[in-house]
2 protein chains.
Amino acid sequence: MINSRVAVAIHILALIASKPHDDLPSDYIASSVNTNPVVIRRILGMLRKAGLIQTQVGKAGASLSRSPSDITLLNVYRAVEPDEELFAVHENPNPHCPVGKRINAVLDEAFHGAQSALEKKLAGQNIQGIMDHLFSEG
Amino acid sequence: MINSRVAVAIHILALIASKPHDDLPSDYIASSVNTNPVVIRRILGMLRKAGLIQTQVGKAGASLSRSPSDITLLNVYRAVEPDEELFAVHENPNPHCPVGKRINAVLDEAFHGAQSALEKKLAGQNIQGIMDHLFSEG
DNA sequence: CCACCTGTAACTATTTTAATTACAGGTTAA
DNA sequence: TTAACCTGTAATTAAAATAGTTACAGGTGG
């Protein structure tokens, strides 16, 4: 299962986008997410390093670096997920076995298409879309 | 990252399919995968419970329950991956926060499409296709 | 100056994964 | 019928990932 950092990061960005004129301290965000403020600050740090938000040392409040509709879920996913590859592959299969010799290349190709499909779907959604769903009646 | 059981399971099934007339002991498979025989037997057990293969206690050799072209990578994935949900979601976000209150429902929906796209791609590939790639020249 | 905040290191607990040892008991052939 | 070989599975270990927590140096601003 993919870690919950992606979910938390989307939650954080939706919060920031929904209160663009408030300076939300990490404690406030943490109480909405229901976790520890340090967990929030860590994820804020990853989002900052990915260029999605801006923060100021010593001062509450993060702001989005670009419009909510220009921050895709793939951007968020990549910001908080260090692995490039979604599927792990076993290391050093037996090079003297006809299957072992080539399995990794074949698996890489097989998994690549699936991963791309996933990422394409994530790229097709953005924080504005999340906001629209959050605040639509129903 | 998704665990390597999926990769190993595909490797195992490709081996079995490529030697349909041999009874491969778990030691042999393990030496191709480069791991411990018990790891192989555990995964064989999951594949058996999923109905993809048949084995016999005390006797080497697993056989596919159906044609390699009828065993999809999604079948394999589901056999060795207990989690239904691909993306973890943080538990108990604050119900008193307008964002926290609805974020999980919105995230579930957002992630669902991505997961479905991934699974569709896995469902579109099968063990025969893996074999074709393994044994094509190039 | 003081209350408040961030960034980050460090530590802990929990969970997952994989490797490994061990063994009960089935299978087969000499 | 025995010996070699095998499976299924429990139990243990080790390593890695994840998340929660404490602590604190140092920035910010009234």
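Source: prediction; values computed, not measured. We name chains A, B, ... by the order of the sequence lines, and we start the count at 1 in each one.
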Enquirer: Go through the side-chain N and O atoms of A/H90 and B/T35 and say whether any donor and acceptor fall under 3.5 Å apart.
Expert: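 Result is no, nothing qualifies.
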Enquirer: Among residues 72-100 of chain A, which ones have heavy-atom contacts with DNA chain C below 4.0 Å?
Expert: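 Those residues: none at all.
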Enquirer: Measure the spacing between CD1 of B/I2 and OG of B/S4 and express it to the nearest 0.5 Å.
Expert: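 Separation between the atoms: 11.5 Å.
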Enquirer: Find the distance A/I40:CD1 to C/dC5:C1' and express it as a whole number of Å.
Expert: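 Interatomic distance, CD1 of A/I40 to C1' of C/dC5: 15 Å.
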Enquirer: Whether B/R78 and B/E84 form a salt bridge (side-chain N of Lys/Arg under 4.0 Å from carboxylate O of Asp/Glu) is what I want to check.
Expert: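 Result for this pair is no, no salt bridge flagged.
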Enquirer: Look at B/S26 and D/dC6 and indicate whether a side-chain polar atom (N or O) is within less than 4.0 Å of OP1 or OP2.
Expert: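 Indeed not, no polar side-chain atom of B/S26 lies that close.
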Enquirer: So B/L73 and B/I127, do their side chains get closer than 4.5 Å, heavy atoms only?
Expert: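 Touching, per the 4.5 Å side-chain cut-off.
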Enquirer: Any side-chain heavy-atom pair from A/D108 and A/F87 closer than 4.5 angstrom?
Expert: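 A/D108 does not reach A/F87 side chain to side chain.
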Enquirer: Please work out which residues in residues 1-25 of chain A have a non-hydrogen atom less than 4.0 Å from an atom of DNA chain D and list them by number.
Expert: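 Going residue by residue through residues 1-25 of chain A, the ones with a heavy atom under 4.0 Å of DNA chain D turn out to be A/N3, A/S4, A/R5.
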Enquirer: Quick one, give me the B/S/- string for nucleotides 20-27 of chain D, reading 5' to 3', where B means a protein heavy atom under 4.0 Å from the base and S means that only happens at the primed atoms, P, OP1 or OP2.
Expert: BBBB--BB
Enquirer: Regarding B/N3 and B/E81, is there a side-chain donor-to-acceptor distance under 3.5 Å anywhere?
Expert: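 Yes, a side-chain donor-acceptor pair sits under 3.5 Å.
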Enquirer: Are any non-hydrogen side-chain atoms of B/L86 and A/M1 less than 4.5 angstrom apart?
Expert: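 Not in contact.
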Enquirer: If I take atom CG in residue A/L44 and atom P in nucleotide C/dC5, what distance separates them, rounded to the nearest angstrom?
Expert: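 A/L44 atom CG is separated from C/dC5 atom P by 14 Å.
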Enquirer: Which distance, rounded to the nearest 0.5 Å, do you find between the CZ of A/R48 and the OG of A/S65?
Expert: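 Between A/R48 CZ and A/S65 OG, I get 10.5 Å after rounding to 0.5 Å.
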Enquirer: Under the side chain to side chain contact (heavy atoms under 4.5 Å, CB included) test against A/L52, which residue among A/L44, A/N75, A/L64, A/I16 passes?
Expert: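 Per the side chain to side chain contact (heavy atoms under 4.5 Å, CB included) rule, the option paired with A/L52 is A/N75, out of A/L44, A/N75, A/L64, A/I16.
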Enquirer: Once you round it to whole Å, what is the distance between C1' of C/dA18 and CE of B/M46?
Expert: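 Rounding to the nearest Å, CE of B/M46 and C1' of C/dA18 are 11 Å apart.
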Enquirer: Apply the test side chain to side chain donor-acceptor pair (under 3.5 Å) to residues B/R42 and B/N36: give CA-CA distance (whole Å), side-chain angles for both, the deciding distance (0.1 Å), then the verdict.
Expert: CA-CA 10 Å; B/R42 266 202 294 254; B/N36 190 290; over 6 Å; no
